[in-house]
Structures are given as structure tokens and as C-alpha cells.
Protein chains: 4
Amino acid sequence: MADPTSRGFPDATRRNERARRAILAAALSLVDETGYPGLSIEALAGRAGVGKQTIYRWWPSKAAVLLDACQGLDEAHPDGPEPSPAPDTADLAADLKRMLRATVDELTGERYGPPLRALAAAAACDPVLAAGLTDRLLAPRHARFERRLRTARAAGELAADADLPLVTELLLGSLAYRWLMGRSVLGHADADALVDHVLRGVSAP
Amino acid sequence: MADPTSRGFPDATRRNERARRAILAAALSLVDETGYPGLSIEALAGRAGVGKQTIYRWWPSKAAVLLDACQGLDEAHPDGPEPSPAPDTADLAADLKRMLRATVDELTGERYGPPLRALAAAAACDPVLAAGLTDRLLAPRHARFERRLRTARAAGELAADADLPLVTELLLGSLAYRWLMGRSVLGHADADALVDHVLRGVSAP
Amino acid sequence: MADPTSRGFPDATRRNERARRAILAAALSLVDETGYPGLSIEALAGRAGVGKQTIYRWWPSKAAVLLDACQGLDEAHPDGPEPSPAPDTADLAADLKRMLRATVDELTGERYGPPLRALAAAAACDPVLAAGLTDRLLAPRHARFERRLRTARAAGELAADADLPLVTELLLGSLAYRWLMGRSVLGHADADALVDHVLRGVSAP
Amino acid sequence: MADPTSRGFPDATRRNERARRAILAAALSLVDETGYPGLSIEALAGRAGVGKQTIYRWWPSKAAVLLDACQGLDEAHPDGPEPSPAPDTADLAADLKRMLRATVDELTGERYGPPLRALAAAAACDPVLAAGLTDRLLAPRHARFERRLRTARAAGELAADADLPLVTELLLGSLAYRWLMGRSVLGHADADALVDHVLRGVSAP
DNA sequence: GAGTAATCGAGACGGTACGTCAGGTCTTCCG
DNA sequence: CGGAAGACCTGACGTACCGTCTCGATTACTC
């Protein structure tokens with residue numbers, strides 16, 4: 001039943017695309033300027049030149065708006081909506097470092113940094129949002145890592161019993177932890193060290 | 001004059017200890033009941049039987065109150081204010097698993113879970129708070145792990161060039177990431193798998 | 001463009017009449033019960049079942065609310081919104097006494113007494129409010145006296161050079177002075193004595 | 001029993017005269033600068049370099065402080081604490097005008113104007129204060145007028161049945177009314193016109 | 001002079017109200 | 001009907017003062 005005519009829901013076919021875009025753009029610019037706590041629905045509506053009701057009609061919370069906006073960022077990427085495939089040279093470590101450095105750049109960049117911080121903050125106290133964030137922003141990024149790791153495992157470069165989602169979380173999770181809580185700004189060296197430790201392990205040879 | 005009586009700051013010697021305790025206790029119980037977004041200074045003051053000004057006099061934000069409250073939790077631990085020393089048997093992996101399981105219990109427990117989520121959310125958008133959280137709650141926990149790892153490295157169980165703070169962040173950071181964003185509830189098995197992967201590394205032997 | 005739609009002012013056409021009435025009624029009842037210093041915007045909003053913002057949107061101060069409420073009292077008078085015309089019998093002194101006795105009754109009555117005291121107090125320190133009070137509550141009352149006096153002067157009963165506004169102020173001003181500062185309660189005899197002295201003068205015949 | 005040892009009352013003999021003076025002076029200067037509504041006990045204590053309790057110990061309200069301060073103004077008059085006697089030339093009207101012009105100057109002057117406005121405002125809603133204001137500031141001024149009028153009546157210049165307190169109130173009351181509510185600033189001409197009308201009466205000769 | 005009792009400056013405290021901001025609902029009018 | 005606009009009720013914000021209280025440190029009488 002693809003019938004969206006459930007009563008109580010607005011009719012998406014009549015939606016004003018111009019308003020939608022304006023709201024998402026306003027959300028990103030406001031988070032940039034005033035931070036997440038300063039992002040209010042009223043300011044959002046004002047900046048977007050839109051009535052408040054138009055926001056409430058289509059989104060359950062300002063965090064949901066921001067999530068949509070970030071996803072929009074993904075899709076509007078210069079390389080097109082499809083995420084670039086994971087690099088796949090002969091050197092696994094180098095490939096992973098390349099990917100993790102890009103992640104660092106994303107987290108510390110102007111574009112994704114502020115809204116992602118805001119989403120992380122909101123998701124920490126809102127499981128529904130956390131699920132959305134995971135599924136729509138995080139999952140694609142994890143998937144790229146897992147794909148490259150899977151290739152490596154198939155090639156015998158990785159232990160056969162390596163838990164690839166877990167390995168991905170080792171890389172991205174501890175990176176995120178430092179990004180959110182750490183005192184210092186993330187750099188490429190951090191990414192490299194992370195990859196080295198995760199691949200080689202810590203135990204004495 | 002090393003006198004820290006900078007004018008403009010209230011005189012800490014005249015502070016009402018009863019009020020301080022009541023505020024910290026109220027903060028914990030309110031976060032438990034209503035969640036962080038529902039924790040308002042007004043409710044806090046009401047619950048603690050205290051004027052709002054008494055909160056604003058001593059803390060810059062509700063997050064700061066919560067941070068103090070969590071530290072109080074640490075100090076009021078049944079085992080006394082001193083953190084229990086890291087276990088140190090012959091089996092490094094077992095020791096780390098024990099410690100990481102305890103961390104899982106802390107994160108998912110009634111006592112620390114809710115306020116820590118709240119602090120993490122607030123810290124994500126507030127660098128000053130993030131620094132406080134890191135220094136006062138996280139640092140002691142990291143230190144325990146690093147101590148045990150240092151012992152192991154001295155005993156030749158770990159690679160001589162292992163970056164111990166980084167290893168600790170691998171364990172605690174990725175655990176925190178799953179705790180905050182993950183869909184599933186953290187369990188002891190997660191802790192064990194984490195330790196195994198980190199120690200052994202992922203590369204094929 | 002004679003368009004008075006200066007931006008920044010709320011749109012009066014969308015004003016909620018029910019709320020307006022409730023606020024004015026609440027103001028009168030609260031001044032009655034708690035006195036002017038006890039009349040707080042919060043209590044007013046609570047009593048009227050209205051948000052504070054709805055008061056701040058339309059009035060600059062609680063005194064302005066009270067002034068509107070008193071004017072409303074005038075307009076809701078049993079005799080209709082028009083002030084009863086001044087009595088005009090052949091006996092000027094009797095007519096003035098009748099009017100001044102009515103004024104005494106107004107000042108000492110339940111209806112006008114308390115809010116007028118409050119307005120007088122507020123107006124003493126707020127020139128803008130004083131002007132409003134003068135124009136909207138006092139002026140109509142003065143005008144009735146001046147009308148009767150003008151008739152009398154035209155009939156040759158008064159000195160040709162009598163300053164009628166001044167005479168009115170002699171009557172109403174000194175009455176108000178006793179009402180506000182005097183130890184005793186105003187009575188009809190006071191009104192009569194006032195009229196007699198003002199008409200006859202004090203000099204020996 | 002002149003024994004002031006009633007428990008609960010402070011011992012006036014141990015009172016700090018320096019503090020008392022500082023408080024009264026601060027009250028006058030603050031009313032001048034910020035107006036009566038802006039005169040707070042805390043600002044008063046701060047300006048006077050005094051603890052709040054020292055004010056609460058000796059005065060029941062800030063209005064009472066102001067009343068004392070105004071009385072102090074009277075006593076510190078350049079001519080000495082005694083009010084100058086009413087002028088008593090052969091010309092009653094001229095004498096009264098002189099006195100009333102002086103009253104106008106007092107009301108509109110820097111010295112008495114602001115605190116008197118404040119006291120009038122407070123007294124309008126506080127009968128106890130009104131009594132104090134009447135007895136301690138107003139009564140002496142009324143008495144001067146009544147003395148001069150009594151002399152005139154004894155000399156046959158006034159009607160034998162003239163009610164002298166009432167006449168005084170005609171002059172001072174209507175003057176005060178204009179001072180508090182009027183749009184224009186009081187001037188000597190107002191005083192003169194008042195005296196003329198009150199003496200001659202308004203009725204046609 | 002030493003003891004002692006009250007005043008004094010200071011300011012923390014539990015409160016009340018302030019005036020503002022924003023949330024989410026609602027109504028009105030326009031396209 | 002969707003959308004812009006914005007009034008409405010609600011509730012929290014952070015601040016200003018209230019009047020009470022407790023704390024040493026004078027200060028001034030009593031013994």
C-alpha cells in the first residue's frame with residue numbers, strides 16, 4: 001500500500017519545494033552562525049521566509065530538519081549524489097588512512113562540522129533521532145569502510161574472524177570521541193595512528 | 001598577593017553546604033526522571049528547595065551542575081572516593097575485559113547512564129564543558145586503563161611503540177560511540193570483542 | 001501613504017477581544033483585592049487566563065492596563081457611555097454641590113476608588129501616564145464642571161473674568177488632595193463647604 | 001515609662017549617626033538620579049556604604065527613609081531649622097502670593113521636587129505613610145498659611161465664617177494637583193491666579 | 001582596662017516578579 | 001488546500017530586589 005492518503009498527514013505532492021529548500025538552507029546557515037542551542041524554530045522560519053507552521057507540518061523537530069539538511073549536503077556533493085567508492089589499491093593501510101583522513105576533514109570542516117556536532121548532541125538524548133542519524137548519515141560512511149575491509153579480508157589480508165562492523169566502529173567511533181570531547185583539533189596524523197594501531201594490534205609480536 | 005579573592009566572585013567560605021548537596025541531588029534525580037532537555041533551572045531550584053539565584057551564584061550552567069553532581073557520584077562511591085586500582089593479574093586481556101565490562105555497566109546503569117548522556121550531549125556543543133567533562137570524569141577512567149597498559153608494556157606484553165592514550169581511546173571511544181548512537185544496548189560481549197580486536201589487531205597473522 | 005502599519009507594532013485587527021476584556025477585568029479585581037503594589041503582571045496574566053506576552057504586546061505597563069480598565073468602567077456606566085450632562089437648575093451652588101458630591105462618591109466608592117488611587121500613585125512618577133490619566137479620565141470630569149460654570153458665567157452669575165479651568169481645579173484638585181493625603185474620609189459636607197468657599201470667596205464682604 | 005528597653009526594638013542610643021546620615025543622603029541622591037521606582041534598598045545600602053540590615057533595623061520601608069530625608073532637608077534649611085514666619089504686611093493677597101510662589105519654587109525645585117513626588121506616590125497607596133507625610137512635612141506648611149489667614153480674619157479682612165484649614169487646602173491642594181497631574185510646569189502666575197480666585201471668590205459681585 | 005552586648009558592613013539565602021525568548025497550536029488571509 | 005503571518009497560552013530564561021539570616025569586626029557601655 002503505497003497510498004499516502006492517511007488522514008492527518010499532509011499531502012506531500014502539494015508540497016512547496018522552494019520552501020523546503022529555503023528551510024534546509026536556513027538551518028545550515030543558522031547552526032553555523034549561532035550554534036545548535038541558538039537554532040530556534042522562529043529564527044529558522046524567519047531566515048527561510050516561511051511560516052512556523054510550514055516547518056511543523058513537515059518535520060517533527062528542529063533536529064529532524066537539520067538531519068535532512070545534512071543529508072541534502074551529502075546529495076549535493078560535487079561528485080554527485082553517489083558516495084565515491086572506497087579507494088582500492090594494493091595497500092590496505094594507505095587506503096584506510098586516505099579514507100579516515102577524509103573523514104577528519106569532513107568533521108573539522110566548515111560544511112559538515114557544525115551541523116554534525118549539533119546532530120550528535122541532539123541524538124545523544126533522543127533515540128529516534130539517533131536512529132535516523134545512524135541510518136541516513138553514518139551508515140553510508142560505515143559501509144564504505146566495511147566494503148574496503150571486506151575486500152581485504154577476502155584477499156587474506158585480514159584475520160578471517162575479524163568483525164568488520166566492529167573494526168569500522170573502532171576507527172570511526174574513537175575518532176568521533178576525540179572530535180567531540182578532545183581538547184585538540186583532529187589532524188591527519190591522528191587518522192594515520194588510528195589505522196596503524198587498529199591493523200597491527202597492540203600485543204607484542 | 002596570592003589572594004584569590006577576585007572581586008565579583010561569591011565568597012565560597014560562606015557557602016551553604018546543605019543547599020549545595022540538595023542541588024546536586026536534585027539534578028541527578030531530575031535528569032533521571034525527565035531527561036536532560038527536561039531539566040530546567042526552575043525545576044532544579046524547586047526540587048532542591050532553593051532559590052534560582054543560589055544556583056546561578058555558584059554554577060555557570062545546568063550542565064556544570066550536572067558535572068559536579070557526577071563527580072560527587074564518583075566520590076560517594078561505596079568503595080570510597082579513591083577509584084579502585086586496575087586489576088592486575090597475569091592475564092592482560094582478562095583484566096581489560098573486566099575493566100571494560102565495568103565501564104559498560106556504568107554507562108548502561110541507572111546511576112551514571114542518564115547524567116552522562118546529558119553531559120555528553122551538552123559537551124558536544126560547549127568546549128568549556130567538554131574540557132571539564134574530560135578532566136574531571138573521563139580522565140580518571142582513562143588513567144586506570146593506561147596504568148594497566150603501561151604495566152603490560154613494561155612486561156613486554158605490548159608492542160614497545162604502542163600509544164597507550166590512543167589505545168585507551170580506541171576502547172573507550174568506540175564504546176562510547178556505540179553507547180550514544182547505537183541501536184542496541186551495550187553488553188559484556190561487546191566489551192570482550194572490543195578488547196580482543198584491539199589487542200590482536202586485525203591484520204592477518 | 002497614511003498607512004499606519006508601522007512595522008514593529010502588532011496588528012490590532014487580529015487582537016483577541018476576549019483576552020483584552022479578561023485582562024481589564026482582572027486588573028480591576030486585583031487592584032481591589034491586593035492594592036496597586038500587589039498588582040503584578042504575573043498575577044494579572046494568571047487571573048485573566050492569559051500569557052504575559054499578551055499583556056506586554058498591547059500595553060507598556062501595568063498602569064496603562066489600569067488606565068484602560070478605568071476608561072472601560074466609564075464607558076460601561078449604567079447610564080451609557082455618554083457622561084450624564086451637568087445638572088442645570090436655577091441654583092448654581094446646588095448644582096455644583098450635586099456634582100461634587102457625586103465626585104466624592106466616585107472617589108470613595110468601591111468601583112473607582114482603588115484603581116484611581118493606584119493610577120494617581122503611578123502618574124505621580126510617570127509623566128506619560130499622567131498625561132493619559134488627565135486626558136482620558138480627568139478631562140471629561142473637568143469638562144462637565146466647566147460647562148456648568150460657563151452657563152453660569154453667561155448668565156451673569158459669575159464674575160466675567162473668572163478662569164473656569166482654574167475654578168474647576170480648585171474644586172477637584174483640593175478634593176483630590178484631601179482624598180489622597182487626608183486622614184479623614186471624604187463626605188458630602190466636604191463637597192458642600194468647598195463649593196461655598198469657592199463661590200463666595202474668602203474676603204470679607 | 002520612658003524606658004526604651006522594650007525587647008525587639010533596637011537601642012537608639014547606640015545608633016551610628018554617620019550611617020544614618022549616609023542613608024538619608026543616599027536616598028535623596030538616588031531618588032534624584034533614578035526616580036522613586038528605581039530606588040531600591042540594595043542600591044540605597046550600596047550607595048550609603050551600609051549593610052541592608054542597618055536600614056531595615058531603623059526604618060519600616062524605603063518611603064519612611066525618604067520621609068526622614070525630606071524632614072532632614074527642612075531642618076537643614078539655610079534659614080535654620082525653624083520655618084520662616086509667614087510674611088505679614090498690610091496686603092494679605094500679596095503675602096499669600098509670596099508664600100504660594102515660594103511653595104511653587106519648592107515643588108518645582110531640584111531639592112524637594114523629586115523626593116516629594118516620590119512620597120506623594122507612595123502615600124497615595126499607604127495610609128500610614130500618608131499620615132506621616134501630612135504630619136511631618138505638610139502640616140508645618142499648612143500652619144504657616146493658616147497663621148497668616150488667622151491674622152487676617154482677626155483683622156476683619158476675611159469673612160468671619162471662613163474655614164481656614166479649608167482655604168489652605170484650596171490653595172495648596174489644587175496647587176499640588178496641578179503639580180502632580182498637570183501637563184505644564186507650575187509658575188508664579190499660577191500661584192497668583194490661585195490666590196486671587198480664592199480670596200475674591202467666583203460669584204459675580 | 002576587660003568583658004559583653006549590640007550595631008555595623010557584608011552578603012548568602014529562599015523567594016517573587018520582572019521583561020524576554022521560544023515552543024507549539026490556532027486562526028486569518030492570500031494565491 | 002498549502003503557505004506566510006503572527007496572535008495566543010505556556011513555560012523557562014537570567015536578573016533584580018525583597019526581607020531574613022548569619023558571619024566576623026568594631027564599638028561603646030558595664031563592671
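Here the structure is a predicted model, which is why all the values come from computation and not from measurement.
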Whole angstroms only, please: what is the [atom1]-[atom2] distance between [X] and [N]?
X: A/I41; N: F/dA4; atom1: CD1; atom2: P; value: 14 Å
X: D/E42; N: E/dA12; atom1: CD; atom2: P; value: 11 Å
X: B/R18; N: E/dA12; atom1: CZ; atom2: C1'; value: 15 Å
X: A/I23; N: F/dG2; atom1: CD1; atom2: C1'; value: 12 Å
X: C/Y56; N: E/dA22; atom1: OH; atom2: C1'; value: 16 Å
X: A/L44; N: F/dA4; atom1: CG; atom2: P; value: 12 Å
X: B/Y36; N: F/dA12; atom1: OH; atom2: C1'; value: 14 Å

Taking atom [atom1] of [X] as the centre, report whether more than 12 heavy atoms of other residues, nucleotides or ligands fall under 6.0 Å from it.
X: A/R21; atom1: CZ; result: no
X: A/R15; atom1: CZ; result: yes
X: D/R18; atom1: CZ; result: no

Carboxylate-amine/guanidinium contact B/E42 B/K62, below 4.0 Å:
no
Compute the bend angle of the helix from E/dG1-F/dC31 to E/dG31-F/dC1 from the end axes (five pairs per end), rounded to 10°.
10°
Side chain of B/T34, backbone of B/L30: donor and acceptor closer than 3.5 Å?
yes
Walk me through it: do D/D68 and D/R136 pass the test salt bridge (Lys or Arg N to Asp or Glu O under 4.0 Å)?
CA-CA 9 Å; D/D68 270 18; D/R136 293 166 54 196; 2.4 Å; yes
For residues A/V50 and A/A19, report the shortest heavy-atom separation together with the two atoms involved.
CG2-CB, 4.0 Å
Nucleic acid footprint by protein, nucleotides 5-11 of chain E - heavy-atom cut-off 4.0 Å, B for base, S for sugar-phosphate alone:
BSSBBBS
For A/N16, check side chain to side chain donor-acceptor pair (under 3.5 Å) against everything at least two apart and list the hits.
none
Just how far is it from atom CD1 of C/I55 to atom CD1 of C/I23, taken to the nearest 0.5 Å?
5.0 Å
Between A/L39 and C/K62, which has a closest nucleotide on DNA chain E that is more 5'?
C/K62
